[in-house]
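Data block below; observations after.
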Amino acid sequence: MTQETRLRRGGLSGVPGSVWQVDGLRVLDLGENGLTHLDPRVGALTGLTELYLDHNALAELPAEVGDLTRLRVLDLSDNLLAALPGTVGALRRLRFLYAARLGLTALPETIGGLAELAYLNVAENALTALPATVGRLTELRELRAAGNRLAVLPDELGALVLLREVHVEHNRLTAVPTTLAGLAELRVLNLRGNELAAVPDAVRALPALRHLDLRANRVRALPPWLAQLPALDKLDLRWNGVDAPGVIADLERRGCLVYA
């Protein structure tokens, strides 16, 4: 039988010693407490498949977290972590990694070891780049990196052919890699609040794209090919000053909802 210990909102300042005594523990929920420290003994809970540490005050994650090789879900969001230990790359069965609002300035290169990762959320940190090793996350379906300081995206993103959603709004992007043209499964591309002066050319080769958000960039014109994207049904151009009535009319004629 699955063993679960749920201590969310328990007013804890430390992990009760009894937690380390639970045989076969699968789910440990310590979210929304006042934890400032996580005992390295957490690495001994090798049966864990889900670990929730969100909304605490953790400033450091013990390297022993990398021993939790059966982990499928790891939620670290809303803590005080300036870095993730390189050992997280050993979590090869991890499917969901929530690491939003931590204060991260970089991701470890070892993140490429998360061979089964399907969802990565690193939004609202202080990242200036994503490591090239994200190109090894070949099972990734959704990437959320909004609200960082990204000036570029790695070319290696184009290798993630299963990606369906990319959310990189409110960064400092002036372009996106041409390699994104290889993302044949991409449904949502959110580029709101960047510094793009044109619709990225890579968009032209995205047959499954349904929602393109370009709000609050510097786009003034639209390429005619935009109206030919077969799946596009929502295009948001607000706060750009776009002057392209012909292309917009073509898009609306074929049923695309355009906000201009």
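Owing to the predicted nature of the structure, the values given are computational and were not obtained by experimental measurement.
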Which atom pair, heavy atoms only, marks the closest approach of L196 to L214?
CD1-CD2, 4.0 Å

For residues L162 and T138, determine if any side-chain heavy atom of one lies less than 4.5 Å from a side-chain heavy atom of the other.
no

What residues, two or more places apart in sequence or in another chain, satisfy side-chain hydrogen bond (donor to acceptor under 3.5 Å, both in side chains) together with D233?
R210

Hey, what do you get for CG (D54) to CG (L74), rounding to the nearest 0.5 Å?
10.0 Å

Single-linkage hydrophobic cluster, 4.5 Å side-chain cutoff, Y259 and L209 together:
no

Would you say the side chain of L35 lies within less than 4.5 Å of the side chain of L12, judging by non-hydrogen atoms?
yes

Is it the case that over 12 heavy atoms from other parts of the model lie below 6.0 angstrom from the CZ atom of R9?
no

Please tell me if the side chains of V188 and H167 come closer than 4.5 Å, counting only heavy atoms from C-beta onward.
yes

Determine whether N194 and V176 make a side-chain contact, defined as any pair of heavy atoms from C-beta on separated by less than 4.5 Å.
no

Would you give the length of the straight line joining atom CG of L102 to atom CG of L104, rounded to the nearest 0.5 angstrom?
4.5 Å

Kindly check if the number of other-residue, nucleotide or ligand heavy atoms within 6.0 Å of CZ (R149) is above 12?
no

Before giving the answer on side chain to side chain contact (heavy atoms under 4.5 Å, CB included), spell out for L237 and L222 the whole-Å C-alpha distance, their side-chain angles and the decisive distance to 0.1 Å.
CA-CA 10 Å; L237 300 166; L222 300 178; 3.7 Å; yes

Closest heavy-atom pair, D236 versus R238, reported as atoms and distance to 0.1 Å, is OD2-NH2, 2.6 Å

Between the side chain of N79 and the main-chain N/O of L58, is any donor-acceptor distance below 3.5 Å?
yes

For the salt bridge (Lys or Arg N to Asp or Glu O under 4.0 Å) test, which of R72, R92, R93 pairs with E116?
R72

Going by the side-chain contact (heavy atoms from CB on, under 4.5 Å) test, name the single residue among V203, L212, L251 that passes it with L229.
V203

Hydrophobic clustering (ILVMFWY, side-chain heavy atoms < 4.5 Å, transitive) - are V152 and V199 grouped together?
no

Closest heavy-atom pair and its distance - L157, L180
CB-CD1, 4.0 Å

P245 side chain reached by I248 side chain, heavy atoms, under 4.5 Å
no

Short question: side chain of N240, backbone of R220 - any donor-acceptor pair under 3.5 Å?
no

Could you give the distance from CG (L150) to OG1 (T128), rounded to the nearest 0.5 Å?
7.5 Å

Less than 4.0 Å between a side-chain N and a carboxylate O, is that true for E165 and R144?
yes

What closest approach, in Å, do R101 and S77 show between heavy atoms, and which atom pair accounts for it?
NH2-CB, 4.3 Å

Starting from the C-alpha separation in whole Å, work towards a yes-or-no answer on side chain to side chain contact (heavy atoms under 4.5 Å, CB included) for L235 and L226.
CA-CA 10 Å; L235 173 63; L226 197 59; 3.7 Å; yes

Under a 4.5 Å cut-off applied to non-hydrogen side-chain atoms, are R192 and W239 in contact?
yes

I'd like to check the ring pair (Phe, Tyr, Trp, His ring centres under 6.0 Å) partners of Y119; sequence neighbours left out, ordered by chain and number.
Y98

Value rounded to 0.5 Å, distance of CZ in F96 from CG in L120
12.0 Å

D75 (side chain) donor-acceptor with L53 (main chain) under 3.5 angstrom:
no

Please confirm whether the backbone N or O of P224 pairs with a side-chain atom of D250, one donor and one acceptor, at under 3.5 Å?
no

Report yes if the side chains of L45 and L25 come closer than 4.5 Å at any heavy-atom pair, otherwise no.
yes

Is L183 reachable from W225 through a run of hydrophobic residues whose side-chain heavy atoms are each under 4.5 Å from the next?
yes

Examine distances only and state if a side-chain atom of T49 and a backbone atom of R26 form a donor-acceptor pair shorter than 3.5 Å.
yes

Any link between L38 and L7 through a network of hydrophobic side chains (Ile, Leu, Val, Met, Phe, Trp, Tyr) touching at under 4.5 Å?
yes

Look at the side chain of T174 and the backbone N and O of E195, then say whether any donor-acceptor pair between them is shorter than 3.5 Å.
no

Are L94 and Y52 joined in one hydrophobic group, where the rule is that I, L, V, M, F, W and Y side chains link up if heavy atoms are under 4.5 Å apart?
no

To the closest 0.5 Å, what do you measure between CG (L140) and CG (L114)?
10.0 Å

What are the two closest non-hydrogen atoms of L153 and V168, and how far apart are they?
CD2-CG1, 4.1 Å

Backbone of L173 reached by a side-chain donor or acceptor of N217 within 3.5 Å
no

Is N171 reaching over with its side chain to a backbone N or O of L127, donor-acceptor style, under 3.5 angstrom?
no

Quick one: does any side-chain atom of D213 pair with a main-chain N or O of L191 as donor and acceptor, under 3.5 Å?
no

What distance separates E169 CD from N148 CG, expressed to the nearest 0.5 Å?
10.0 Å

Within the structure provided, determine whether R254 and Q228 are in side-chain contact (heavy-atom separation under 4.5 Å).
no

Provide the closest heavy-atom pair for V42 versus L51 in the form atom of the first, atom of the second, distance.
CG2-CD2, 4.4 Å

Is the backbone N or O of A231 less than 3.5 Å from a side-chain atom of R187, with the two atoms forming a donor-acceptor pair by type?
no

